[in-house]
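Notes to accompany the following structure.
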Amino acid sequence: MNASARIALVTGASRGIGRAAAVALAAAGHHMVLVARTVGGLEETDDLVRAAGGSATLVPLDLKDFAALDRLGASLFERWGRLDAFFANAGVLGALSPLAHLDPKLLDELVAVNITANARLIRSLDPLLRASEAGRVLFMSSSVARKPRAFWGGYAMSKAALESLTLTYAAECASTNVRVNLLNPGGTRTAMRAKAMPGEDPSILPTPEDMAPLIVQMLSAGWEKNGELVNYREWQKTD
Ligand code: NAP
């Protein structure tokens with residue numbers, strides 16, 4: 001690993017948007033810390049990172065294991081003493097259903113993965129981000145966080161809570177070197193989207209690779225905005 005490389009952590013790096021972002025961040029010179037449960041998926045991402053000329057540290061863990069998130073912060077501190085970019089990308093959809101029929105186990109998972117794990121990661125990683133010359137944090141939202149839609153209630157309320165968490169953290173970081181923002185990718189060609197919209201033709205959707213350059217930009221030292229929600233479709237029109 002290049003000694004001057006920025007250190008970037010991506011959750012949900014085993015497939016989808018997280019994988020594409022990890023490869024693009026590696027190509028842009030970051031050493032990658034890749035988090036997800038599926039070891040095979042992390043290894044495939046690692047292969048792509050290496051092919052892009054980068055390097056990665058694989059951290060297979062379940063984001064519902066909150067003690068492991070505490071240990072992750074401690075390990076990163078021991079190894080590098082800082083974290084420069086944190087892409088809080090991992091998420092679950094749950095199931096699209098009327099709220100009255102929402103499976104309690106899926107509701108618990110939505111809260112644990114989409115909300116609590118991110119709050120616990122902020123707690124664990126905040127000292128490392130503040131130790132960076134330019135700590136950058138990006139959380140993933142969705143249109144339904146602000147525009148509730150029938151049958152999307154579980155996912156929507158989790159993303160609304162995540163937006164609140166993100167914007168609070170951004171306000172708390174305003175006078176530091178840390179910048180904290182939100183990205184709404186819009187419908188993207190991934191496993192999650194196929195689960196939500198099984199009848200949709202995926203070829204009409206942007207790919208994770210299409211939006212990776214925006215993610216790299218929002219996690220770069222040059223990105224000074226704080227507490228903003230960027231919508232990929234709008235950025236695409238102006239870029
Ligand atoms: P995806 O293809 O389903 O990938 C989700 C990632 O999250 C996987 O790498 C998965 O890894 C990880 N993950 C899920 N549960 C986990 C857990 N308990 N512990 C550790 N990792 C876990 O999803 P995607 O479409 O790329 O979505 C990425 C983000 O964008 C999500 O936050 C999603 O809500 C948001 N988003 C997506 C769309 C879209 O159209 N795709 C639209 C709006 C917002 P493992 O299964 O290996 O653990």
Side-chain angles (χ1 to χ4, degrees), residues 9-24 32-46 48 56 58-69 72 86-96 105-106 108-118 120-121 124 137-147 149 152 154-163 165-166 181-198 200-212 214-215 218 229-236:
L9 185 153
V10 175
T11 63
S14 61
R15 60 173 185 266
I17 297 170
R19 167 177 287 169
V23 175
M32 300 307 306
V33 180
L34 305 178
V35 174
R37 289 167 302 183
T38 311
V39 174
L42 287 175
E43 287 173 348
E44 283 173 35
T45 305
D46 188 30
L48 295 169
L58 309 191
V59 185
L61 61 71
D62 189 330
L63 289 167
K64 296 191 291 299
D65 180 353
F66 303 133
L69 304 186
L72 175 62
F86 169 31
F87 183 31
N89 160 77
V92 289
L93 177 72
L96 302 190
K105 281 193 189 137
L106 291 182
D108 285 349
E109 190 188 25
L110 281 162
V111 171
V113 177
N114 293 1
I115 308 170
T116 312
N118 284 311
R120 293 294 296 257
L121 282 165
S124 180
V137 186
L138 184 60
F139 288 90
M140 288 298 257
S141 195
S142 162
S143 306
V144 292
R146 297 182 186 196
K147 284 190 198 154
R149 197 185 304 162
W152 286 71
Y155 180 72
M157 67 94 198
S158 74
K159 290 296 187 183
L162 181 64
E163 286 205 4
L165 193 74
T166 305
N181 293 285
L182 285 160
L183 173 61
N184 174 9
T188 310
R189 204 184 306 171
T190 69
M192 181 185 286
R193 178 71 183 191
K195 186 179 170 195
M197 306 289 228
E200 183 177 61
D201 172 6
S203 71
I204 64 167
L205 296 170
T207 65
E209 289 73 20
D210 290 332
M211 75 191 55
L214 172 60
I215 294 165
M218 292 183 77
L229 171 71
V230 174
N231 184 313
Y232 171 68
R233 298 295 201 285
E234 283 166 21
W235 175 83
Q236 202 185 19

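Throughout, numbering of the chain's residues begins at 1 and tracks the sequence. In each ligand, atom 1 is the first atom listed, and ligand 1 is the first ligand listed.
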Donor-acceptor pair, distance only, cut-off 3.5 Å: does the side chain of [X] make one with the backbone of [Y]?
{"X": "Lys195", "Y": "Gly94", "result": "yes"}
{"X": "Thr116", "Y": "Val111", "result": "yes"}
{"X": "Lys64", "Y": "Ala117", "result": "no"}
{"X": "Asn89", "Y": "Gly12", "result": "yes"}
{"X": "Ser141", "Y": "Glu163", "result": "no"}
{"X": "Ser142", "Y": "Ala145", "result": "no"}

Q. What distance separates Asp210 CG from Arg189 CZ, expressed to the nearest 0.5 Å?
A. 7.5 Å

Q: Look up atom OH in Tyr232 and atom CE in Met218, then write down how far apart they are to the nearest 0.5 Å.
A: 13.5 Å

Identify the protein heavy atom lying closest to [atom], giving its residue, its atom name and the separation to 0.1 Å.
{"atom": "atom 46 (O) of ligand 1", "answer": "Arg37 NH2, 3.0 Å"}
{"atom": "atom 30 (O) of ligand 1", "answer": "Met140 CE, 3.5 Å"}
{"atom": "atom 43 (C) of ligand 1", "answer": "Pro185 CG, 3.4 Å"}
{"atom": "atom 24 (P) of ligand 1", "answer": "Thr190 OG1, 3.7 Å"}
{"atom": "atom 42 (C) of ligand 1", "answer": "Gly186 O, 3.4 Å"}
{"atom": "atom 32 (O) of ligand 1", "answer": "Asn89 O, 2.7 Å"}
{"atom": "atom 12 (C) of ligand 1", "answer": "Gly12 CA, 3.6 Å"}

**Q.** Derivation of the side-chain contact (heavy atoms from CB on, under 4.5 Å) call for Leu229 and Asn231
**A.** CA-CA 6 Å; Leu229 171 71; Asn231 184 313; 5.8 Å; no

With a heavy-atom distance limit of 4.0 Å, tell me whether [X] approaches ligand 1 through its side chain, its backbone, both, or neither.
{"X": "Thr188", "value": "both"}
{"X": "Lys159", "value": "side chain"}
{"X": "Ala90", "value": "both"}
{"X": "Leu61", "value": "backbone"}

Q | Heavy-atom closest contact (Ser158 atom, Asn114 atom, distance) | A | OG-ND2, 3.0 Å

Closest to [atom] among [options] (heavy-atom distance):
{"atom": "atom 5 (C) of ligand 1", "options": "Gly91, Gly16, Gly187, Ala191", "answer": "Gly91"}
{"atom": "atom 18 (N) of ligand 1", "options": "Val10, Asp62, Val144", "answer": "Asp62"}
{"atom": "atom 27 (O) of ligand 1", "options": "Met192, Lys64, Arg15", "answer": "Met192"}

What are the atoms of ligand 1, with element, lying closer than 4.0 Å to any heavy atom of [X]?
{"X": "Thr38", "result": "45 (P), 46 (O), 47 (O)"}
{"X": "Ser141", "result": "43 (C), 44 (C)"}
{"X": "Ile17", "result": "26 (O), 30 (O)"}
{"X": "Ser14", "result": "8 (C), 9 (O), 10 (C), 11 (O), 45 (P), 47 (O)"}
{"X": "Val92", "result": "14 (C), 15 (N)"}
{"X": "Leu63", "result": "17 (C), 18 (N), 19 (N), 20 (C), 21 (N)"}
{"X": "Tyr155", "result": "33 (C), 34 (O), 35 (C), 36 (N), 43 (C), 44 (C)"}

Q.
Any donor-acceptor pair under 3.5 Å linking the side-chain atoms of Thr45 with those of Arg19?
A. yes

Q.
Could you walk me through whether Glu44 and Leu48 satisfy the side-chain contact (heavy atoms from CB on, under 4.5 Å) test, starting with their C-alpha distance in whole Å, then the side-chain angles of each, then the deciding distance to 0.1 Å, before giving a yes or no?
A. CA-CA 6 Å; Glu44 283 173 35; Leu48 295 169; 5.7 Å; no

Q) Do the non-hydrogen side-chain atoms of Leu58 and Val39 ever get within less than 4.5 Å of each other? A) no

